[in-house]
Chemist: 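Below is a structure I'd like to ask you about.
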Amino acid sequence: MQNYRQARDCLPSPVSEIMTEYQRRLSVNANGSSEIPLSNLGNTMSPEIRPLFLNFLPQGWAINSQIGSSRIQLFSGEGGSHRQDVSALSLEAVENLVTPFGPALLEKYFRHLHPTFPIIMEDSFRSSYKERNGISALLLGAMYLVALKWLEPESGVQTLRPPDAVGLEALVCRNLNESLSGPSLATVQAGLLLSQKSSLFTPRLMAQLVTAGFDLGLHQDCSRWQIQCWEKGLRKRLAWAIYMQDKWCALVHSRPSHIFASNWAVKDLTIDDFENTTRLAASTASPVSIPTLLSLSSHKFGYLFFRQFVKLTRILSDIIESFYTLEATQQLSASHENRTHIILSKAKPLQIQLKDWFIQLPAELKVDADCGVEAGPSGGIHLAYFATEIMLHRCIVRSLSPETADQYLTHICRSAAKTRLISALDFVNRLRPIHLRASWPAAAMSNFALIGAFGILLQTTAPTQEEEEFYRARLREYRWTLSVSRKDADFLDFAIDTLGEVTKLVRNQPQKPAFQELMNHSFLYRPDCHSGSRLREQSMASSHTSQQGDAYNGSDKYENLAGCTRMHPRSSLPNTKSGLMSPAASASSASTSRRR
């Protein structure tokens with residue numbers, strides 16, 4: 001104990017000054033990891049100080065700088081290392097599970113997943129893979145694992161055994177858990193790839209990855225750090241990838257997010273941050289014409305897709321913070337009869353952001369009838385957009401009641417929600433095999449189910465028999481579409497099963513009144529209000545709102561409800577507005593046209 005105190009007293013104060021000095025002298029090796037040469041560390045520290053200095057280092061900084069890895073280790077008296085070597089997993093162990101499909105799996109990964117999730121520098125990784133030098137076995141195993149679903153044996157080719165998917169997943173997950181105690185950038189990359197699998201996209205994994213990212217300083221602004229430009233770009237891409245996965249995991253699993261704006265200083269992505277993300281010699285890689293994203297330029301596509309997905313996720317984060325946190329739900333519940341108007345006032349700027357995001361979506365990311373191979377992966381970002389829209393409108397619909405909204409406001413809100421549902425259903429109808437076989441985010445499985453759940457919500461809360469039957473018919477069509485598409489996307493089974501289970505729960509709902517009966521009842525108690533005629537005119541409108549292509553079905557105008565001031569005691573408030581962006585025309589006409 002006395003020797004320990006003497007060694008501790010020899011430590012400079014503060015210890016951070018030593019760290020800062022060594023960070024200024026970082027040297028980057030060929031693998032892209034930052035290392036402090038052992039000779040420099042040994043020449044400036046005595047044997048008594050060196051072990052204590054290692055204990056004072058932040059876990060993430062030490063591992064990322066290779067201080068705590070195989071080059072420098074602190075051994076206890078029993079011969080055990082306090083900082084385990086995170087590269088215990090060997091390349092041979094990984095390759096033996098997929099032989100002889102390793103190179104094919106790597107090509108599948110860079111062809112399908114990498115363009116939409118560019119968290120790896122392709123050219124550098126391919127060089128290291130070819131030389132079998134400086135490559136993370138954990139990261140390689142994760143790449144193999146997520147690429148297995150695109151592996152199709154060639155016709156007429158018989159192999160002794162297929163890749164051991166179960167064994168590979170168990171091996172990678174076990175080694176990931178071990179490496180999270182001292183994470184590196186490769187650890188975060190591997191974890192993010194595993195989170196792309198729906199079965200592994202869990203709150204526990206995301207909590208571990210967020211913590212690992214904080215250990216490595218990914219939540220900080222690295223623009224002024226004395227590191228190379230490619231590493232700054234890699235750090236920013238990894239940071240925003242963690243951000244996206246964390247927010248969508250919060251949506252999928254109804255768990256709190258781990259990232260908050262007050263502790264997030266990462267700058268927005270630019271095209272310079274995507275340098276070296278694609279293969280430099282891709283055009284000369286093979287003389288055979290293979291349908292990939294290279295015709296569009298993978299560099300540009302990856303930048304556009306990833307950047308737009310980040311923007312959309314930030315809007316989703318605002319929606320969750322505004323309506324779905326415990327604090328937000330308690331405040332809205334305490335609002336009582338003003339709940340709907342408060343929700344609409346908060347939803348208005350978010351709806352404008354969604355509208356602007358959709359209008360500004362680059363042409364390369366559009367999904368239309370004439371799309372080519374390049375647009376295949378774009379289905380994931382469009383599905384995420386509709387899921388975000390639904391999250392906003394679901395909160396509004398759930399707040400509607402005779403105590404919180406009059407009939408006209410209720411009709412406006414439900415018409416807007418119906419229009420969004422029709423757009424989402426038509427989007428799913430327009431998906432082709434080229435989209436379904438492409439890469440989809442891990443949250444896609446739940447987002448397809450969310451569309452069906454939103455339709456069930458509108459069906460159960462429908463005020464009339466006609467509207468209820470409309471949603472029932474559309475949901476039957478949706479289930480049929482999913483059943484037909486499942487052969488190209490097996491993850492749709494979850495949406496089909498969920499829709500079936502929820503449908504059983506609402507099967508015995510009380511019978512709704514007919515539309516005419518409801519109108520007669522309204523006029524009986526409110527003979528001096530002209531809302532009934534307006535509702536009838538909008539319901540029988542001839543304009544069709546079913547979306548074709550990628551048109552946005554909203555308008556920049558807001559409904560002014562001042563003309564129906566006697567429908568509700570609270571409607572005497574001056575200049576009352578719905579606060580919700582109204583659709584271009586009522587979606588009720590779609591029900592009439594389909595019944596014909």
Side-chain angles (χ1 to χ4, degrees), residues 29 31-35 51 54-55 57-98 102 105 109 119-120 125 128-129 132-148 163-197 199-218 234 238 241-242 245-246 249 258 442:
N29 63 5
N31 301 334
S33 59
S34 302
E35 290 191 2
L54 291 177
N55 284 336
L57 285 177
Q59 187 82 351
W61 186 87
I63 294 299
N64 191 39
S65 301
Q66 298 297 317
I67 290 181
S69 64
S70 57
R71 295 188 60 179
I72 302 176
Q73 293 188 6
L74 174 62
F75 290 91
S76 62
E78 295 79 15
S81 175
H82 291 296
R83 297 189 182 243
Q84 299 293 333
D85 186 2
V86 299
S87 57
L89 178 62
S90 64
L91 291 175
E92 290 76 13
V94 174
E95 293 289 354
N96 288 338
L97 294 174
V98 299
L105 288 172
Y109 170 83
I119 62 172
I120 295 175
F125 190 90
S128 300
Y129 182 80
R132 286 295 194 273
N133 182 29
I135 194 172
S136 169
L138 174 61
L139 178 57
L140 181 62
M143 295 170 68
Y144 284 164
L145 183 62
V146 296
L148 282 174
D164 187 359
V166 176
L168 180 62
E169 179 175 331
L171 180 66
V172 172
C173 290
R174 182 173 64 252
N175 283 272
L176 176 66
N177 289 331
E178 295 174 357
S179 64
L180 283 171
S181 60
S184 64
L185 293 181
T187 304
V188 175
Q189 289 172 316
L192 286 171
L193 292 182
L194 292 183
S195 70
Q196 288 292 324
K197 287 180 63 67
S199 59
L200 301 177
F201 188 46
T202 62
R204 177 182 178 183
L205 175 60
M206 289 315 308
Q208 292 174 318
L209 291 181
V210 170
T211 303
F214 287 166
D215 288 344
L216 298 174
L218 295 180
L234 177 61
L238 290 177
I242 293 176
Q245 295 298 90
D246 174 70
C249 184
H258 303 89

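Worth saying up front: this structure is predicted, and the values here are computed from it rather than measured. Count residues from 1 along the sequence.
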Chemist: Are D164 and N96 side-chain neighbours, meaning at least one heavy-atom pair lies under 4.5 Å?
Modeler: no
Chemist: Is any side-chain heavy atom of V210 closer than 4.5 Å to one of F214?
Modeler: yes
Chemist: Show the nearest heavy-atom pair for residues L148 and A165, with the distance to one decimal.
Modeler: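 Heavy atoms only, the tightest pair is CD1-CB, 3.6 Å.
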Chemist: Which heavy atom of V172 sits nearest to which heavy atom of G141, and what is that distance?
Modeler: CG2-C, 3.7 Å
Chemist: Calculate, to the nearest 0.5 Å, the distance between atoms CG and CG belonging to L185 and L218 respectively.
Modeler: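 Rounded to the nearest 0.5 Å, the CG-CG separation comes out at 6.5 Å.
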Chemist: Return the CG to CG distance between L145 and L168, rounded to the nearest 0.5 Å.
Modeler: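 Answer for the CG-CG pair, L145 versus L168, is 5.0 Å.
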Chemist: In Å, rounded to the nearest 0.5 Å, how long is the span from CD of Q208 to OG1 of T187?
Modeler: 11.5 Å
Chemist: Report yes if some heavy atom in the side chain of L139 is under 4.5 Å from a heavy atom in the side chain of F125; otherwise report no.
Modeler: yes
Chemist: Determine, stepwise, if the pair L216 / L238 fulfils side chain to side chain contact (heavy atoms under 4.5 Å, CB included).
Modeler: CA-CA 11 Å; L216 298 174; L238 290 177; over 6 Å; no
Chemist: Tell me whether D246 contacts the main-chain N or O of H258 through its side chain, where contact means a donor paired with an acceptor under 3.5 Å.
Modeler: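 Flag set: sc D246 to bb H258 pair under 3.5 Å.
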Chemist: Not counting sequence neighbours, which residues clear side-chain hydrogen bond (donor to acceptor under 3.5 Å, both in side chains) with Y109? List them please.
Modeler: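 Y109: no side-chain hydrogen bond (donor to acceptor under 3.5 Å, both in side chains) contacts found.
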Chemist: Go through the steps to decide whether I120 and L193 satisfy the test side chain to side chain contact (heavy atoms under 4.5 Å, CB included), and finish with yes or no.
Modeler: CA-CA 10 Å; I120 295 175; L193 292 182; 4.2 Å; yes
Chemist: Rounded to the nearest 0.5 Å, how far does CD1 of I119 lie from CD of Q196?
Modeler: 7.5 Å
Chemist: Kindly give the heavy-atom pair with the smallest separation between A190 and L138, and that separation in Å.
Modeler: CB-CG, 3.8 Å
Chemist: My understanding is that only residues two or more places apart in sequence, or in another chain, count here; which of them pass side-chain contact (heavy atoms from CB on, under 4.5 Å) with A186?
Modeler: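 In terms of side-chain contact (heavy atoms from CB on, under 4.5 Å), with neighbours along the sequence ignored, A186 is linked to S136, S184, Q189.
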Chemist: Holding to side-chain hydrogen bond (donor to acceptor under 3.5 Å, both in side chains), I want the full list of residues that pass it with S195, two or more places apart in sequence or in another chain.
Modeler: Q245
Chemist: Roughly how far, to the nearest 0.5 Å, is CZ of R174 from CG of L176?
Modeler: 11.5 Å
Chemist: Where do L192 and A241 come nearest, in terms of heavy atoms and distance?
Modeler: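 In this case the closest contact between L192 and A241 is CD1-CB, 3.7 Å.
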Chemist: Working to the nearest 0.5 Å, report the span between CE of M143 and CG of L194.
Modeler: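 It comes to 12.0 Å.
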Chemist: Which heavy atom of A212 sits nearest a heavy atom of V188, and at what distance?
Modeler: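 Minimum heavy-atom separation between A212 and V188: CB-CG2, 4.2 Å.
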Chemist: Can you name the nearest heavy-atom pair linking G102 to E95, along with the distance?
Modeler: CA-OE1, 4.2 Å
